[in-house]
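Protein chains get the first letters and strands the later ones, always in sequence-line order, with residue 1 at the start of each.
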Amino acid sequence: MDAPLRLQDHIAFQADMLRLGEFELFRDTKGWVERNDVWARPLRPQTFKHLSFAETTEETRFDYTAFTMTRALTALIEQDFLYLPERSPNIVGSLRKNYNEPLRALAAGLIPGLEERTLGFVENQIYVSEGWTTESFRRYFADKIAEANGAAVASFSAIRNAKDPRCLAKTLLIQHAVDFLPESSHMARYAKGDYGEIQSAIFRVMIDEYGYGAHRKKHSELFKKTLMSIEMASNSHAYWMFYLNSTLLSNNYFHTITRCPEKAFEYIGAITYAENTFSSYCDGVARLLEDCFGSQVDTGYYKEHVHIDGHHARMTLEELVLPAISQFGEAIIPEIIRGIETAARLQEIAEEDLSAQLAWMDQAADYRKLARHIKPRAEAWIDDIPVAHLDEPEGELSVTHCHDGDELCVVDEGVLRFCHGYDLFSDLASGECVVIKKNRLHGALVLSERCKYRILSIGRYQDYADYQI
Amino acid sequence: MRIIKFDAACLPFLVTANGRFWQISSSRKGALIILDTTCRHRGGPLTHGQLEGDSIKCPWHGRLTARCKLREGRFAYLRNGQKVQVAMPDFQTLINLEKSEAIPS
């Protein structure tokens, strides 16, 4: 009986995703950066009917469907976060339009399925046995943190060695923005309830993040200063289109384990790992930003975390983890380790995804050159290649996305502004082309009155090329 | 107490800890099987013995031990994909085993 039920679940889930696509806040937007609408979360809903929302696997973790579901989960799971614009002529009407019961009801049905489908491939790979003691946990944790804090961060060197380090450094900051602007909002879910000393220990960490109520000290305000110091937008989700799949995935995990109180000890593990590794990471980011932008950049956010997370590292271990073990016994240690391992694995995936995206952006010119190289061969074999023909008007924006294989984009008429990533564009005129690397974030905007272009699903560019990038 | 770390692809292998020989292997579902492969006679390493039907012949004095009598160790461990960590008190050494040398569980 299991299989038919699973099939029914799948059909119902597909139908719910299609209903989700009908909400205006998920539709395509007009610009790359959203400076005004704090609620817009474009999900490319026009593609939903072509997708099968199956569980993500290690092999498909950066594919289009996985990305779509991860984006949808972020959009839905934040439905209990209040976002307000700086100003609004009709704020009550806007709130009712963007937060409403039908959307909440749909979200309540979709969120568990999206979590299972997008995070399952990470969670299912982790198994923690029984039998852990406080002593073995302490040893494991000390090793884990020493290893994490001693590891080189690949994305830092990718940015430093890039042709345009500033552009790539901004891409890094965009990945931080998803979490740093609504800073600690998922943690705030555990401010609720009645659960003794450890509740107050969480609250002590949280009040630091919230600047003790002094708005200018709120950590998100410090981060906004960083963004503004290098002329970046500072409203939440302004850069929605440039979040990577793995960035959202990691953030969604913290939503999931704070949404579900049965995962409280898993959360305690995950946040303790984060707090114990963040100080060292922030030190690296501050140095990187200063190398890229000089004295112009405000690194106050990162320097604050170098300091305060020294305290939070100790507080989470000594005031959360160890008292929880003392209170509830060593049987909770596997849950705590599960949180640590999941958070660490998601960080690894995020670093891998970011490094690949930075390389793709840094090699933008190389992928255009490669396209010119393979175009004759691809066109000679055109009968064997799936081709999408597009004819779009001026201003038509393809919301950023990724493909499951390499693609060749060829402009036949007009001008297409191809987006290789945040603030990195190639204007392609008639006859010009670019290879779109598998799983890499990109988008497009029509600059001419009309633009005719083709997307050739070549699968592997290596099958058409005499060299590799 | 030591946390030993290894890639699951390296399994099976033998660990000496607490004065005993522990064979670590992986089940089909990915769980670890940690067997005490110390001969009850004089403490020889049964992993280096010979299989004889359902028993293993110790390489030291030839005593037979039924496979079903091998005790499973209750060590705490975690597995994250291919990465494995096991908490081992009094860990001494780790000895690689060919798959053919391992005692089937």
If you round to the nearest 0.5 Å, how far is CD1 of I4(B) from CD of Q85(B)? 10.0 Å
In terms of side-chain geometry, is the basic nitrogen of K57(B) or E52(B) positioned less than 4.0 Å from the acidic oxygen of its partner? yes
Are the side chain of D54(B) and the backbone N or O of R67(B) linked by a donor-acceptor pair below 3.5 Å? no
Given the options E341(A), E130(A), R345(A), which has more heavy-atom pairs under 4.5 Å with chain B than any of the others? E341(A)
Do you know which of Y140(A), Y127(A), F137(A) has the most heavy-atom pairs with chain B at a distance under 4.5 angstrom? Y127(A)
Is chain B contacted by the side chain of E348(A), its backbone, both, or neither, given a heavy-atom distance below 4.5 Å? side chain
Is the closest basic N to carboxylate O distance between E123(A) and R338(A) below 4.0 Å? no
Contacting region of R74(B) [heavy-atom separation from chain A under 4.5 Å]: neither
Quick one: which of M88(B), Q82(B), K5(B), K83(B) has the most heavy-atom pairs under 4.5 Å with chain A, could you say? K5(B)
Are the aromatic rings of F67(A) and Y243(A) close, with centres under 6.0 Å apart? no
